[in-house]
2 protein chains.
Amino acid sequence: MKLSTRGQYALHAMVFLAQKAQEGPQPLRTIAEAGLPEQYLEQLLGALRRGGLVTTIRGAAGGYQIARPLEEITVASILESTEGPLNLSECATDQACCPKSSACITRDVWLYLTDNINSLLQGITLQDVLHNKPYGVKEHQSYEPRLS
Amino acid sequence: MKLSTRGQYALHAMVFLAQKAQEGPQPLRTIAEAGLPEQYLEQLLGALRRGGLVTTIRGAAGGYQIARPLEEITVASILESTEGPLNLSECATDQACCPKSSACITRDVWLYLTDNINSLLQGITLQDVLHNKPYGVKEHQSYEPRLS
DNA sequence: CGGAAATCCGACGAAAACGATCGGGATTGG
DNA sequence: CCAATCCCGATCGTTTTCGTCGGATTTCCG
């Protein structure tokens, strides 16, 4: 189980933009200076814009800016914008999984994990990351198997 | 962020073997009957054996069996055997990450997530899955940023 | 002993995903 | 106008994933 570099780069870029939030739009060039491939990063910022997390200003002296208050931007939303939704198993999203297995009890496991990982990711905001605070300490969602 | 089918198939197979734990060794053929690709599954069972989760009996009337008590086999160990360790970001395992970024504060995020997801996965045993019990409801590990 | 049932294992191959790179178009400040 | 900058679709090499294949080995059973 791993994440692609898209998510890593995206989080990195968002943290950078958050730090420079008061300094006007940051051009791609500047964001990539930490060592990220510039043209690749451009794609990711496009995804983040479409996800409503950054705004852009085109033309000379343009660049990228954080679109919303830092406490509203979660790691979950960053990863979802750049990597798509968390999908541990088709079994968890699609209905007709496990063709011949009458009682697919593994499905409950995937659903439980999906819920809890999402809740973990939603518990971390850019604000938290910047302030180096201990992250959200909600409890695990209690789990009751769905009757289906 | 997704899991490969290896993990899905492996969990499915392990649940099946757990259900048949009292009935002697189950041949590959039988395990695959639910619709899994037989020869592919064979590789996965090899990995599970190397991980110490199943034992095999070779030769005619042979097959696969659960190797340990159900409450000792966690979803974490199944996924680790078949997919390798959870690795959200090289940044989390390797040291020299983020080449030019002096203070890589994203690293703390990956470490935190890795710890908590692992703890989620370790909280579910085959026993729990079979009995359809609410899974482990430990709290999130409290997190204090490492000073590095 | 011989054959059938089964696991074991390495190699191969098609398809998808990943990690970029490229080239050109559109927008805007100076 | 021109330079800086974002926008966007296409392409491309590499790696990973998802299997398949063929053969070797082990063991039961008659």
Side-chain angles (χ1 to χ4, degrees), chain A residues 1-13 17 20 23-51 53-67 79 81-85 87-91, chain B residues 1-13 17 20 23-33 35-51 53-67 79 81-85 87-91 99:
Chain A
M1 188 150 116
K2 53 193 282 256
L3 225 48
S4 74
T5 56
R6 298 174 66 89
Q8 298 172 47
Y9 290 168
L11 177 59
H12 192 100
L17 289 178
K20 307 277 189 177
E23 308 182 22
Q26 302 290 314
L28 180 58
R29 180 74 47 94
T30 309
I31 309 176
E33 253 165 18
L36 313 180
E38 195 168 316
Q39 295 171 291
Y40 188 35
L41 186 58
E42 190 179 8
Q43 294 179 22
L44 304 180
L45 284 163
L48 292 169
R49 173 176 47 79
R50 286 186 288 277
L53 302 184
V54 301
T55 53
T56 57
I57 298 178
R58 303 186 62 173
Y64 298 88
Q65 276 175 320
I66 291 282
L79 294 185
S81 295
T82 50
E83 307 223 14
N87 185 12
L88 295 183
S89 158
E90 286 69 33
C91 196
Chain B
M1 186 151 117
K2 52 190 284 254
L3 225 49
S4 74
T5 56
R6 297 174 66 89
Q8 298 172 47
Y9 291 167
L11 178 59
H12 192 100
L17 288 179
K20 308 279 188 175
E23 307 181 22
Q26 302 291 315
L28 181 58
R29 181 75 46 95
T30 308
I31 308 176
E33 252 166 19
L36 313 180
E38 196 168 314
Q39 294 170 291
Y40 188 34
L41 186 59
E42 190 179 5
Q43 294 179 21
L44 304 181
L45 284 164
L48 292 169
R49 171 176 49 79
R50 285 185 289 276
L53 302 183
V54 301
T55 54
T56 57
I57 298 178
R58 304 187 62 175
Y64 298 88
Q65 275 176 318
I66 292 282
L79 295 185
S81 294
T82 50
E83 307 221 14
N87 184 14
L88 295 183
S89 157
E90 285 70 32
C91 197

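Note on naming: letters A, B, ... go to the chains in the order of the sequence lines (proteins, then strands), and numbering restarts at 1 for each one.
- When the C1' atom of D:dT5 is taken as reference, atom CZ of A:Arg49 falls 13 Å away, rounded to whole Å.
- Partners of A:Arg29 by side chain to side chain donor-acceptor pair (under 3.5 Å), not counting sequence neighbours, listed by chain and number: A:Glu38.
- Here the side chains of A:Lys20 and A:Tyr64 are not in contact, with every heavy-atom distance at 4.5 Å or above.
- For the side-chain contact (heavy atoms from CB on, under 4.5 Å) test, no residue two or more places apart in sequence or in another chain qualifies with A:Lys2.
- One interatomic measurement links the two molecules: CG of B:Leu44 to C1' of D:dT16, which rounds to 15 Å at whole-angstrom precision.
- In this structure, A:Tyr64 atom OH and D:dA4 atom C1' are separated by 13 Å, rounded to whole Å.
- Atoms CG and CD, on B:Leu28 and B:Gln26 in that order, are 11.5 Å from each other to the nearest 0.5 Å.
- Between the C1' atom of D:dT5 and the CD atom of A:Gln26 lies a distance of 13 Å, rounded to the nearest Å.
- With sequence neighbours left out, the side chain to side chain donor-acceptor pair (under 3.5 Å) criterion links B:Ser4 to B:Glu83.
- A:Leu28 comes within contact range of the sugar-phosphate backbone alone, with a heavy-atom separation under 4.0 Å but no base atom that close.
- Proximity of B:Ser4 to the phosphate of D:dT16: no side-chain N or O atom is located under 4.0 Å from OP1 or OP2.
- By the side-chain contact (heavy atoms from CB on, under 4.5 Å) test, A:Leu36 is found to be paired with A:Tyr9, A:His12, A:Leu41, residues two or more places apart in sequence or in another chain being considered.
- Between A:Leu44 atom CG and A:Gln8 atom CD the span is 11.0 Å, to the nearest 0.5 Å.
- Protein chain B contacts DNA chain C from C:dA5 to C:dA11, reading 5' to 3' and using non-hydrogen atoms of the protein with a distance under 4.0 Å.
- Nearer to the 5' terminus of DNA chain D, by closest-nucleotide assignment, is the contact made by A:Gly46 (compared with the other of A:Lys2 and A:Gly46).
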Nucleotide by nucleotide, 5' to 3', does protein get under 4.0 Å of the base (B), only the sugar-phosphate (S), or neither (-) in nucleotides 19-27 of chain D, counting heavy atoms? BBB---BBB
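- Here the straight-line distance linking atom CG of B:Leu11 with atom CZ of B:Arg6 works out to 14.5 Å at 0.5 Å rounding.
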